Undergrad: 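Okay, here's the structure, questions in a sec.
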Amino acid sequence: MPVLGKFALATAVLLTAACGAPPAAPAPPGAAAGWSPAPVVPLPSQPPPSLVVDAPLPELLAMGLVVLRYRAENLRIVPVYGPAALDVSPRIGHIHVTVDDAAWHWADGSGEPLIIQSLPAGPHKVWIGLADPTHKILDEKTVNFVVPVHSGHH
């Protein structure tokens, strides 16, 4: 390829990248404006963690599939466990889940919605505990719902 051709091609690539890229986000104005601290710098102090859980998605519940979206505030959900992880800043943890007061629970560090299927029609409850890396519960929520009688299979 002639030198001018390479130059034209490089210029076209640069212009396409520059013109097609979305504008850069403004610099964070500070936590007061709703920005979370960057998870790259240890924080000298942190507000207490809390758990927010949505009601099951009704259109899926009608089909017998329970999907619960949740999020943690002032804690990042990651699959890291053990006492050494207590020193990580910003704070990290995971959730514990119990369905219908079962004698057992499971832990999840994915941060993805909970998906529960094949519950019989009728009332149910799901307890979700926000836990630190040593499994100490920091906040908890219980979601009550009714699985309607439905036809179909997942």
Side-chain angles (χ1 to χ4, degrees), residues 10 13-148 150 153-154:
V13 169
L14 287 173
L15 285 174
T16 301
C19 294
W35 285 85
S36 300
V40 295
V41 177
L43 301 176
S45 67
Q46 299 178 69
S50 62
L51 179 64
V52 177
V53 182
D54 291 344
L57 297 172
E59 60 278 3
L60 296 176
L61 191 58
M63 297 185 303
L65 185 63
V66 181
V67 178
L68 297 171
R69 296 182 305 178
Y70 67 91
R71 74 177 187 279
E73 296 180 341
N74 305 313
L75 180 143
R76 288 181 298 141
I77 297 199
V78 295
V80 177
Y81 308 95
L86 289 172
D87 294 331
V88 173
S89 176
R91 183 186 297 118
I92 61 173
H94 60 280
I95 61 168
H96 290 195
V97 182
T98 302
V99 178
D100 292 336
D101 294 321
W104 55 272
H105 68 269
W106 75 88
D108 181 69
S110 72
E112 295 295 323
L114 297 172
I115 300 172
I116 305 166
Q117 62 183 13
S118 301
L119 289 176
H124 296 278
K125 67 179 175 179
V126 174
W127 174 86
I128 304 170
L130 185 62
D132 74 9
T134 65
H135 306 285
K136 176 184 171 195
I137 300 301
L138 305 169
D139 193 14
E140 59 186 285
K141 298 288 187 273
T142 299
V143 179
N144 294 291
F145 55 90
V146 175
V147 173
H150 64 280
H153 194 325
H154 295 279

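The model shown is predicted, which means the values in this text are computed figures rather than measured ones.
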Undergrad: Just jot down the side-chain hydrogen bond (donor to acceptor under 3.5 Å, both in side chains) partners of Y70, sequence neighbours excluded, or say none.
TA: D108
Undergrad: Would you please classify the geometry between the Y81 ring and the H94 ring as parallel, tilted or perpendicular, with 30° and 60° separating the classes?
TA: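 The rings of H94 and Y81 stand perpendicular, inter-plane angle above 60°.
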Undergrad: Is there a side chain to side chain contact (heavy atoms under 4.5 Å, CB included) between V53 and V126 once you walk through the steps?
TA: CA-CA 10 Å; V53 182; V126 174; over 6 Å; no
Undergrad: Identify the two heavy atoms, one from P49 and one from L138, that lie closest to each other, and give their separation to 0.1 Å.
TA: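 Where P49 meets L138 most closely, the heavy atoms are CG-CD1, 3.7 Å.
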Undergrad: Tell me whether D100 contacts the main-chain N or O of K125 through its side chain, where contact means a donor paired with an acceptor under 3.5 Å.
TA: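 Pair found, side chain donor or acceptor close to backbone of K125.
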Undergrad: Enter the distance from W106:CH2 to T98:OG1 here, rounded to the nearest 0.5 Å.
TA: 8.0 Å
Undergrad: Which pair of non-hydrogen atoms, one from A131 and one from L75, has the smallest distance, and what is that distance?
TA: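 Taking every non-hydrogen atom into account, O-CD1, 4.4 Å.
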Undergrad: Could you walk me through whether V147 and L61 pass the side chain to side chain contact (heavy atoms under 4.5 Å, CB included) check?
TA: CA-CA 6 Å; V147 173; L61 191 58; 4.0 Å; yes
Undergrad: Could you check whether any side-chain heavy atom of R76 comes within less than 4.5 Å of a side-chain heavy atom of V88, counting everything from C-beta outward?
TA: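 Result yes, sub-4.5 Å side-chain heavy-atom pair found.
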Undergrad: Looking at every non-hydrogen atom in both residues, tell me the closest pair between V97 and H105 and how far apart they are.
TA: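 For V97 versus H105, the nearest heavy atoms are O-CB, 2.9 Å.
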Undergrad: Indicate yes or no for a side-chain donor-acceptor contact from R91 to the backbone of P48 under 3.5 Å, with no hydrogens or angles considered.
TA: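 Answer holds: no.
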Undergrad: Check for a donor-acceptor pair, side chain of K141 on one end and backbone N or O of L51 on the other, with a separation under 3.5 Å.
TA: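 Flag set: sc K141 to bb L51 pair under 3.5 Å.
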Undergrad: Where do V80 and P133 come nearest, in terms of heavy atoms and distance?
TA: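 Residues V80 and P133, closest heavy atoms: O-CB, 3.8 Å.
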Undergrad: Check side-chain hydrogen bond (donor to acceptor under 3.5 Å, both in side chains) between E140 and all other residues, then give those that pass, not counting sequence neighbours.
TA: W127
Undergrad: Hey, could you give me the CD1/CD1 distance between I137 and I128, rounded to the nearest 0.5 Å?
TA: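 Going from the CD1 atom of I137 to the CD1 atom of I128 covers 11.0 Å.
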Undergrad: Just verifying a value: how many Å separate I116 CD1 and L68 CG, rounded to the nearest 0.5 Å?
TA: 5.5 Å
Undergrad: Working note: V66 + V99, criterion side chain to side chain contact (heavy atoms under 4.5 Å, CB included); need CA distance, chi angles, decisive distance, verdict.
TA: CA-CA 11 Å; V66 181; V99 178; over 6 Å; no
Undergrad: Taking all heavy atoms of G111 and all of I77, pick out the closest pair and write down the distance.
TA: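 Residues G111 and I77, closest heavy atoms: N-CG2, 3.6 Å.
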